[in-house]
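The structure appears below as structure tokens.
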Amino acid sequence: MNNKKIAEVLYEIAEILEMKNVKFKPWAYRKAAQTIESLNEDVKDILKEGKLEELPGIGESIAKKIRELIETGKLRYYEKLKKGIPVKLAELEKVEGLGPKRIKLLYDKLNIKDLKQLKKAAKKGKIRKIKSLGEKVEKNILEGAEFVKKSGKRFLLGMILGEAEEIKELLRKRKEITKIELAGSLRRMKETIGDLDILAVSKDNKKTMDFFCGMSTVQRVLAKGNTKSSVRLKNDVHVDLRLVNENEFGSALQYFTGSKQHSIELRKIAIGKKMKLSEYGLFKGKKKIAGESEINVYGKLGLQYIEPELRENIGEIEAAKKKKLPKLVKYGDVKGDLHMHTNWSDGRNTIKEMVEQTKRLGNKFIAITDHAGDLKIAGALSDKQILKQMKEVNKISDGVKVFYGLEVNIKKNGDLDVGDSILKKVDVVIASIHSGFRQSRDLLTKRILKAMDNKYVKIIAHPTGRILLGRRGYELNFNKIFKKAMDNGVALEVNAFPARLDLDYLNVKNAVENKVKISIGTDAHNIDQLKFLKLGTSVARRGWAEKKDIINCFSIGKLTKFFER
DNA sequence: GCCGTTTTCGGCCCGACTGTTTTCAGTCG
């Protein structure tokens with residue numbers, strides 16, 4: 001029973017209560033679920049310390065339920081609720097246009113419990129006969145049900161960023177559009193994106209909406225109005241376009257950037273000040289006191305401006321109240337890339353090509369860090385090849401400082417697969433785990449701790465091994481790892497590869513709070529992937545990191561010292 | 001069910017679009 005499972009149960013309770021038209025409780029259960037979901041610590045540990053009720057949104061009753069879940073693996077209250085409406089909720093909720101109320105209605109009237117039964121009933125025309133539902137609803141449900149298989153899907157930020165920019169450009173070129181911005185989780189640089197939100201100001205809303213819904217990439221128009229339209233593209237990406245007035249752009253941008261939880265907290269602050277906040281502005285009575293810019297909206301709420309990447313309701317609002325937000329690292333502050341592969345191991349481009357691309361991108365330094373040791377599948381270098389490559393790299397003097405590095409493997413017992421006699425000759429050693437993911441939390445932690453005790457290791461790469469939309473990272477005892485990293489002067493990597501982004505932002509936040517240094521590396525295997533540096537920086541920003549926390553922001557002299565330490 | 005520079009009781013974010021009704025509920029974000 002881990003945090004995620006507990007959160008799932010709480011979410012489902014909220015849904016069932018919603019079906020039963022219970023007021024306000026769903027809100028409470030959802031809030032509690034969100035709290036549990038975004039915890040860094042294991043709920044079990046918090047329970048042991050008796051501090052469950054100190055968590056936001058968790059009071060006596062929900063604390064008791066969490067305790068029962070952890071101690072018995074079950075929750076009688078939940079089982080009883082489920083028995084009342086035995087439907088496959090998670091499955092049915094993925095159908096566009098189906099929410100808790102309609103799911104209950106369909107169960108009550110037609111005994112529909114899952115997707116298969118839903119489709120069957122829709123095809124037979126049974127749904128249109130229910131009062132309050134009609135032919136169109138039935139048609140939409142059927143289409144939604146067919147689509148479920150493909151959807152529910154999220155997209156990697158790194159894979160969708162380019163497409164989002166293209167759509168934005170397409171719209172920006174329209175004469176009637178005077179202002180446009182990408183909003184939503186993409187603007188917050190969340191690692192995966194469910195859909196795209198675009199906000200714009202237009203002199204002719206109808207014309208803009210006609211154009212947007214008629215783009216050649218559109219598969220289906222889900223809704224089309226004068227201020228809001230939704231489409232699904234042929235590649236299954238869902239895009240929303242909202243049009244607002246110029247003087248509402250700031251409040252609208254705030255609202256559509258989210259996160260939802262962050263925005264809700266802002267609205268509560270507004271209420272506390274006898275104001276009202278919506279996408280149309282911040283109002284005191286009928287008088288609008290902010291709306292044209294985000295900065296003013298935050299300002300009038302008594303808050304520091306909060307950068308989009310921070311808006312996850314994980315303490316940023318409290319910090320902004322006290323004017324204690326971090327001085328976030330800027331995208332331009334990151335001057336070099338500390339993890340990449342060339343055609344010496346499993347990369348595609350030569351050392352020279354990587355260096356040239358680095359110059360084009362305007363960066364000042366890189367570390368070439370090909371695989372070495374036992375990882376033969378990745379073309380890992382032998383000792384002899386290492387010495388040869390080192391000579392090659394040291395010859396380069398091209399306006400870009402090139403550190404010579406290696407990515408070595410942490411074996412199952414925590415030993416490295418390259419000997420110290422070699423490691424001591426290279427500028428920077430990155431150690432990482434590529435096998436034995438299934439070991440226990442304890443063993444994996446010990447393995448990494450042991451690797452960090454090798455005095456040549458300066459960076460631990462992709463520390464949790466997660467693959468976004470693929471595999472969960474392994475659990476580690478980060479308290480121990482942070483302490484060792486501090487003691488030994490080892491940096492933890494934010495791997496900027498789109499499917500990794502590992503450490504994640506919550507772990508970065510923890511690391512930085514523990515004064516651990518962060519290293520950003522793209523893990524690029526070709527020159528195109530060097531641009532992912534921005535993604536890595538976004539994770540650092542989401543993790544509240546400042547310039548001083550990130551070794552990529554050091555001067556070359558300071559970085560050299562860090563490697564030599 | 002939770003929570004408090006309005007409160008230990010009485011609130012709980014806000015608005016667009018759709019479809020089915022004729023004033024609104026449900027869904028979505």
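Values below: all heavy atoms of this structure, side chains included; hydrogens, waters and symmetry mates excluded. The sequence lines fix the lettering, A, B, ..., with proteins before strands; numbering per chain opens at 1.
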**Study point:** Distance below 4.0 Å between Lys94(A) side-chain N/O and dC28(B) OP1 or OP2
**Key:** no

Practice item. Would you mind classifying the nucleic acid contact of Ile58(A) as base, sugar-phosphate or nothing, using non-hydrogen atoms under 4.0 angstrom? Key: sugar-phosphate

Point to revise | Distance between P atoms of dT23(B) and dC28(B) (Å, rounded) | key: 25 Å

Review point. How is Lys101(A) classified with respect to the nucleic acid when contacts are heavy atoms under 4.0 Å: base, sugar-phosphate, or nothing?
Key: sugar-phosphate

Review point. Side chains of Glu37(A) and Tyr11(A): donor-acceptor distance under 3.5 Å anywhere?
Key: yes

Revision key, fill the gap. Between CD1 of Ile141(A) and C1' of dT18(B) the distance, given in whole Å, is 13 Å

Check your understanding: Taking the same atom, P, in dT6(B) and in dC13(B), what whole-Å distance lies between them?
Key -> 16 Å

Practice item. For Gln529(A) and Thr522(A), test the side chains for any donor-to-acceptor distance below 3.5 angstrom and give the result as yes or no. Key: no

Practice item. Using a 4.0 Å heavy-atom cut-off across all strands, classify Pro26(A) as base, sugar-phosphate, or nothing. Key: nothing

**Study point:** Inter-nucleotide C1' distance (dC14(B), dT8(B)), Å rounded
**Key:** 28 Å

Exercise for review: Counting heavy atoms from C-beta on, name the nucleotide in dG26(B), dC2(B), dG15(B) closest to the side chain of Arg102(A).
Suggested key: dG26(B)

Study note, to complete from the structure: Residue pair Gly225(A)/Gly59(A) against DNA chain B: nearer the 5' end by closest nucleotide is Gly59(A)

Revision key, fill the gap. In whole angstroms, the gap separating C1' of dG29(B) from CG of Leu182(A) amounts to 17 Å

Revision key, fill the gap. Rounded to whole Å, CZ of Arg267(A) lies from P of dC12(B) at a distance of 13 Å

Practice item. May I ask you to say what Tyr255(A) touches in the nucleic acid, namely base, sugar-phosphate or nothing, with a heavy-atom cut-off under 4.0 Å? Key: base

Check your understanding: Does a nitrogen or oxygen in the side chain of Ser278(A) sit under 4.0 Å from OP1 or OP2 of dC14(B)?
Key -> no

Study note, to complete from the structure: Rounded to whole Å, the CD1-C1' distance (Ile269(A) to dC14(B)) equals 16 Å

Practice item. Assign Lys23(A) to base, sugar-phosphate, or nothing according to its heavy-atom contacts below 4.0 angstrom with the strands shown. Key: nothing

Review point. With a 4.0 Å cut-off on heavy atoms, is Lys136(A) in touch with a base, just the backbone sugar-phosphate, or nothing at all?
Key: sugar-phosphate

**Study point:** Partner of Glu18(A) under side-chain hydrogen bond (donor to acceptor under 3.5 Å, both in side chains), chosen from Lys104(A), Arg30(A), Lys101(A)
**Key:** Arg30(A)

Practice item. Tell me yes or no: between the side chains of Tyr29(A) and Lys65(A), is some donor less than 3.5 Å from an acceptor? Key: yes

Review point. NA contact type, Lys224(A), heavy-atom cut-off 4.0 Å: base, sugar-phosphate, or nothing?
Key: sugar-phosphate

**Study point:** Rounded distance (Å) that lies between atom C1' of dG4(B) and atom NZ of Lys274(A)
**Key:** 13 Å

Practice item. Find the distance Asn140(A):CG to dT27(B):C1' and express it as a whole number of Å. Key: 12 Å

Revision key, fill the gap. Side-chain atoms of Val137(A) come closest, of dC13(B), dT20(B), dG1(B), to dT20(B)

Point to revise | Distance test, side-chain N/O of Lys228(A) to OP1/OP2 of dG29(B), below 4.0 Å | key: no

Review point. Hey, does the side chain of Thr227(A) come within less than 4.0 Å of dC17(B)'s phosphate (OP1/OP2), counting only N and O?
Key: yes

Check your understanding: Can you tell which of dC13(B), dG29(B), dC2(B) lies closest to the side chain of Ile271(A)?
Key -> dC13(B)

Practice item. Considering only atom P, compute the distance from dT27(B) to dT20(B) and round it to an integer number of Å. Key: 14 Å

Check your understanding: Have Glu163(A) and Asn235(A) got a donor and an acceptor in their side chains that come within less than 3.5 Å?
Key -> yes

**Study point:** Listed nucleotide nearest any side-chain atom of Lys260(A), set dC13(B), dT27(B), dC2(B)
**Key:** dC13(B)

Practice item. Give a yes or no on this: more than 12 heavy atoms of other residues, nucleotides or ligands lie within 6.0 Å of atom CZ of Arg441(A). Key: yes

Review point. Between dT18(B) and dT7(B), how far is it from one P atom to the other, in whole Å?
Key: 43 Å

Exercise for review: Pick base, sugar-phosphate or nothing for Lys65(A), based on heavy-atom distances below 4.0 Å to the nucleic acid.
Suggested key: sugar-phosphate

Exercise for review: Can you tell me the distance, in whole Å, between the CG atom of Asp240(A) and the C1' atom of dG29(B)?
Suggested key: 7 Å

**Study point:** Six-ring centre of Phe256(A), Arg242(A) cation under 6.0 angstrom, axis tolerance 45°
**Key:** no

Practice item. Check the distance between dC28(B)'s P and Arg232(A)'s CZ and give it to me in whole angstrom. Key: 13 Å

Check your understanding: Does Tyr280(A) get its side chain close enough to the base of dG15(B), under 3.5 Å, for a donor-acceptor pair?
Key -> no

Review point. Starting at the 5' end of DNA chain B, which residue's closest nucleotide do you reach first, Ile264(A) or Glu93(A)?
Key: Ile264(A)

